[in-house]
Amino acid sequence: AQTIHQWPVAEIKAVGSPLSLGCTIKGKSSPNLYWYWQATGGTLQQLFYSITVGQVESVVQLNLSASRPKDDQFILSTEKLLLSHSGFYLCAWRDWPNTGQLYFGEGSKLTVL
Amino acid sequence: GEQVEQLPSILRVQEGSSASINCSYEDSASNYFPWYKQEPGENPKLIIDIRSNMERKQIQELIVLLDKKAKRFSLHITDTQPGDSAMYFCAAKGSSSFSKLVFGQGTSLSVVP
């Protein structure tokens with residue numbers, strides 16, 4: 001069975017500080033991976049997706065970047081946090097080409113002060 | 001367009017009654033429509049989905065209907081229980097693995113005794 005793990009669970013950071021959020025998936029080779037962002041009480045917005053190591057596509061520009069250093073790892077980062085970066089960050093994998101269903105990790109809650 | 005409209009944003013029903021959430025989409029190429037349930041502080045969990053080759057799907061108390069002509073789909077929860085209280089998100093996706101999953105704005109469902 002596939003498992004997806006995100007870290008850290010929660011972070012409180014200062015405006016202007018750097019950020020790195022991680023995601024690993026086990027039990028699935030060459031997964032399609034995604035980063036989503038959710039404002040408090042808001043909907044889910046896709047930020048990035050990656051279908052293979054070293055390849056990342058940006059969907060929405062939010063002064064964030066993403067990297068896929070390993071097949072099972074997806075990293076979201078920025079060098080300078082903004083207040084607007086606060087929210088819930090969710091990594092997800094898609095069961096492609098089987099069911100096509102999307103499964104989310106537990107999420108990382110980010111508070112920028 | 002890519003937008004998915006979801007209504008109502010807030011829904012309050014009596015325990016034992018039915019709850020209905022409606023979504024409409026713009027992209028006629030969309031062929032996959034999942035529904036997610038999100039409890040406070042947790043990640044969204046896939047509860048049911050429907051593909052464009054179906055008009056109706058039921059899993060226990062959950063029923064989804066799809067009207068491709070009208071570009072509308074809906075979730076119906078029969079015999080609601082307090083445990084059904086949560087945020088619900090609909091989403092729509094195109095046929096390729098690169099198509100984005102676009103989420104609706106969410107519905108906050110409260111089931112009251």
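A, B, ... follow the sequence lines: proteins, then strands. Residue 1 opens every chain.
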Over 60° means perpendicular and under 30° means parallel, so tell me whether Tyr36(A) and Phe103(B) are parallel, tilted or perpendicular.
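It falls in the perpendicular class, over 60°.
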
Is the number of heavy atoms from other residues, nucleotides or ligands within 6.0 Å of [atom1] ([X]) greater than 12?
X: Glu55(B); atom1: CD; answer: no
X: Ile12(A); atom1: CD1; answer: no
X: Lys109(A); atom1: NZ; answer: no
X: Ile10(B); atom1: CD1; answer: no

Hey, are the side chains of Thr99(A) and Arg51(B) touching, using non-hydrogen atoms and a 4.5 Å cut-off?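 Counting from C-beta outward, Thr99(A) and Arg51(B) do come under 4.5 Å.
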
Tyr34(A) side chain reached by Lys100(B) side chain, heavy atoms, under 4.5 Å:
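Lys100(B) vs Tyr34(A): side chains apart.
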
Practice problem: Indicate the atoms forming the closest heavy-atom contact of Phe88(A) with Glu42(B), along with that distance. | Solution: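 Closest approach of Phe88(A) to Glu42(B), heavy atoms only: CE2-O, 3.4 Å.
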
Measure from the side-chain N and O atoms of Asn43(B) to the backbone N and O of Gly107(A), and report whether any donor-acceptor pair falls under 3.5 Å.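 Looks like no, no N/O pair under 3.5 Å.
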
### Message
Using a 3.5 Å distance criterion without hydrogens, assess whether the side chain of Thr43(A) forms a donor-acceptor pair with backbone atoms of Gly104(B).
### Response
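Such a contact is found between Thr43(A) side chain and Gly104(B) backbone.
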
Examine whether an atom of Gln101(A) lies under 4.5 Å from a heavy atom of chain B, and if so say whether it belongs to the side chain, the backbone or both; otherwise answer neither.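 Both parts, backbone and side chain.
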
ask   = Between Leu102(A) and chain B, which part of the residue has a heavy atom less than 4.5 Å away: side chain, backbone, both or neither?
value =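 Both the backbone and the side chain of Leu102(A) come within 4.5 Å of chain B.
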
Interchain contact, Pro34(B) with chain A, by part (heavy-atom threshold 4.5 Å):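 For Pro34(B), neither part sits under 4.5 Å from chain A.
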
| Which atoms of Leu101(B) come close to chain A, meaning under 4.5 Å heavy atom to heavy atom: side chain ones, backbone ones, both, or neither? |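 Looking at Leu101(B), backbone and side chain both touch chain A.
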
Take Gln38(B) and Gln38(A) through the test side chain to side chain contact (heavy atoms under 4.5 Å, CB included) and record every step on the way to the result. CA-CA 12 Å; Gln38(B) 186 177 27; Gln38(A) 185 180 32; 2.8 Å; yes

